[in-house]
Each structure stands twice: as structure tokens, then as C-alpha cells.
There are 2 protein chains.
Amino acid sequence: MEPASPGRPSRAAFLLSQLGAVASSRFAVRTREIGLSPSDAGVIRLLGREPGLSQRSLADRLGAVPSRVVSLIDSLQERGLVERTRSNADRRNYELHLTDAGTAVLRELREIAEKHEAELLAPLNREQIAQLGFLLAQLAAGHGLDADLHRDVAREPVVRESRVGSRPA
Amino acid sequence: MEPASPGRPSRAAFLLSQLGAVASSRFAVRTREIGLSPSDAGVIRLLGREPGLSQRSLADRLGAVPSRVVSLIDSLQERGLVERTRSNADRRNYELHLTDAGTAVLRELREIAEKHEAELLAPLNREQIAQLGFLLAQLAAGHGLDADLHRDVAREPVVRESRVGSRPA
DNA sequence: TATTGTTATACTCTATAACTATA
DNA sequence: TATAGTTATAGAGTATAACAATA
């Protein structure tokens, strides 16, 4: 119980990190049960909302690099969940769409999200949930997070952790 | 703005995931500035609190595997922040301690944590911060997270994501 | 025989850079 | 020349398994 740090701040930041990790990993467990990685799930949600997206713009929304999107879509296409069709307007582009199977998976995903939400917030009562939702939305807004954007966060400057020099002092 | 899902739940779970990721990555940026990976920081905090820990028990607290701890400690030792001494009681064990330099880094780490906390919670006023702290602590307790444990969460059953079978339907 | 720490190896994830085809 | 998508490659991070020393 660390004797020092008497007047230390609320530790809310650490709790946020930890709970966020728990939330993410539990959601990952659930999506894995229907054969989807968290990235797969993000792509499917995005394509459900914005059908016809190109790989390039999908990459932008995901905060991913185009080559990453190739393998993501390859995999979803192999599984029959997403289809690529060349754009007639600009034949360099694909237009990405959910197949019927993909749409069905999106529905499953929504059910999963609801269960996930309920499980995670189970320790709180209704009023507390509303409070928490408000406070988190406040924080998200304050930090420029679009509350409805499913971008992969955790993607700041990305300084590539060069295991920066020793610091013997 | 997704027209569907009218009566959907609070989305607090998603916000939690996103904000947690933001919190973690911002903290990582700060520790990287003093040459530490997030894991390094965790080890140093733990050794500050429980000097003399063995690699095995450190691994347990970190939720990491012993071989992982080897390279972690190797690196910190090379940088002069941690030292290994053989235990006299049981010569299979090491006793891990922070060096003076390591202790200095721990102090820096605490300053960083305070700045981090302040930056992250800046969008909220004092009362809201207290509220949030309470609600998060409530959640953490409800999910069996020791609020003072810095274990690497994100480590559930770990089903090893065998890219489980295609699901063409 | 069981346990601590170590090494060697392999696997996952994801980014970078060079390339093709369209524009 | 610039952009969409692709491929090949490489790197970081971390786990698994076999191993040596000690108990």
C-alpha cells in the first residue's frame, strides 16, 4: 500500500487505462467467438455505416495504413463477408460492401455490443451509468475523440520506440 | 451518424475502451521521453513498492511470463536502473532492487503520472473528477481489478486467436 | 522431482518501401 | 506526375519449449 504519495491525484487516469484494457479485451473475446478480430469488427461496422467506401478512405477512418487494409479485406472477402467491386468513376478504386452474410454478422456484432455494454456496466445502477456516460463523453470531446468514430486509437505520434538510448543516470 | 440502433445503450463501454487507449498511449509517450517503455515503467513502480522481489514473483504480478521478465530486467540492468543479487536463502532466486538511479527514475515517473493525470482530466472540473474517480473505482472493484495493482491487463484467457475457422455464413 | 532463471525459437501484428495500374 | 491498391520484407513485442543450476 505504498506509504508515499499522500496527496496524490485521483488515479482516475490509471483506472481509465486499466478499465479500457479490460473493456477492449472482453469485447475481443466476444467477437472472437464469432470468428472476428477486433479489426475485423471495426471494418464491418464501418462498412455497415458507409457502404461503398474505398480501401484508401477505410484506411483513413481506421487510422491504418493502406497495406493493412488489403489483408484485412482479403480475409473478410475470403470469408464471404465483404465484396470488392471496381468503381466505374475511377477504376483505381474499389467500392467495398458487406455481403448478405456480412450484414448478418453486423447484426450479431450489435447484439454482442449490447451484451458487452451490459456486462461491463453491471456494477453500476442506472443513474450512475448515465453519469459515467456523460463524464466519458465530456472527456472524449475534450480530447477531440469523435464519440461515434471507431478509429483504432492507441495511435499517437508513434515514435516507433527506438528503445531510446540508455539512461544510466 | 448511423440511423439505426435508436434505443441503444449508453456506449459507455466503447468510450471506456477508446479513452483507455488514449490514456495508455499518452502515458507511453511521456515515459518514452525518459527512455522507458510502459513495461519498464511498470517494473520500476513495482520494484519501488516491493524491493527484493524475485523474477518469478515479478512475473506473476505483471501477468507476464518468466522469460519476458528476463529481457525486461536485462535491459533495465544494462541501463543501471535495477540490480540483481542472488538470494542467500535460496540461491536459485534473484533479489531485484532499484539502484539509486532507478529510484531517481521512479521519482520522475511519479511526476509524469501527475502531469498525465492532470492533462487527461483537464476537460472536467473538480467535482466531476471526483465523480469519475468514484464511478471508475466502483467498476474496477466490480470487475475484480485491484485499484492499486499495475498488472498488465488485456490478458484474459488468451485463446491465442487461431484466426478461428472461416465463417462463410 | 520441482522450481528459478535462461536461451533459442517462433508467431502475431503491423509498418515501410518498392511496384503495377490507372488517372 | 500523382493516387489506389498490392506485394515483399522487416521489425517489435511477446509467447513456448527445452535447458542448467539449485532445491
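Throughout, a chain's letter reflects where its sequence line sits, starting with A, and its residues are numbered from 1.
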ask   = Rounded to whole angstrom units, what separation is found between the CZ atom of B:R68 and the C1' atom of C:dT4?
value = 18 Å
ask   = Is there a donor-acceptor contact under 3.5 Å linking the side chains of B:S75 and B:R79?
value = yes
inquiry  = Base, sugar-phosphate or nothing for A:S54? Non-hydrogen atoms, less than 4.0 Å.
reply    = sugar-phosphate
query = OP1, OP2 of D:dT22 versus side-chain N and O of B:R91: anything below 4.0 Å?
reply = no
request  = For B:S87 and for A:S71, locate the closest nucleotide of DNA chain D by heavy-atom distance; then report the residue assigned to the nucleotide nearer the 5' terminus.
outcome  = A:S71
ask   = Are A:R61 and A:E50 close enough for a salt bridge, meaning some N to O gap below 4.0 Å?
value = yes
message = Looking at B:E119 and B:R30, is there a salt bridge between them, counting it only when a charged N and a carboxylate O are closer than 4.0 Å?
response = yes
ask   = OP1 or OP2 of D:dT3 sitting under 4.0 Å from any side-chain N/O of A:Q55?
value = no
ask   = Quick one: B:L72 CG to D:dA12 P, roughly how many Å, whole number?
value = 16 Å
query = Should the pair A:D74-A:R84 be classified as a salt bridge under the 4.0 Å nitrogen-to-oxygen rule?
reply = yes
ask   = Whole-Å distance between C:dA23 P and A:N93 CG?
value = 9 Å
ask   = Distance check: side-chain N/O of A:R92 vs OP1/OP2 of C:dA21, anything under 4.0 Å?
value = no
ask   = Could you state the CD-P distance from A:E95 to D:dA4, rounded to the nearest angstrom?
value = 14 Å
key: Side chain B:S67 and base D:dT14 donor-acceptor under 3.5 Å   = no
request  = Figure out the CG/C1' separation between B:D60 and C:dT3, and round it to whole Å.
outcome  = 12 Å
message = Tell me the interatomic distance from A:R86, atom CZ, to D:dG5, atom P, rounded to whole angstroms.
response = 7 Å
ask   = Hey, is the side chain of B:R84 poking within less than 4.0 Å of OP1 or OP2 on C:dT6, counting only N and O atoms?
value = yes
inquiry  = Rounded to whole Å, how long is the line connecting atom CG of B:D90 with atom P of C:dT3?
reply    = 12 Å
ask   = So, A:E117 and B:R11, do they make that salt bridge, N to O below 4.0 Å?
value = no
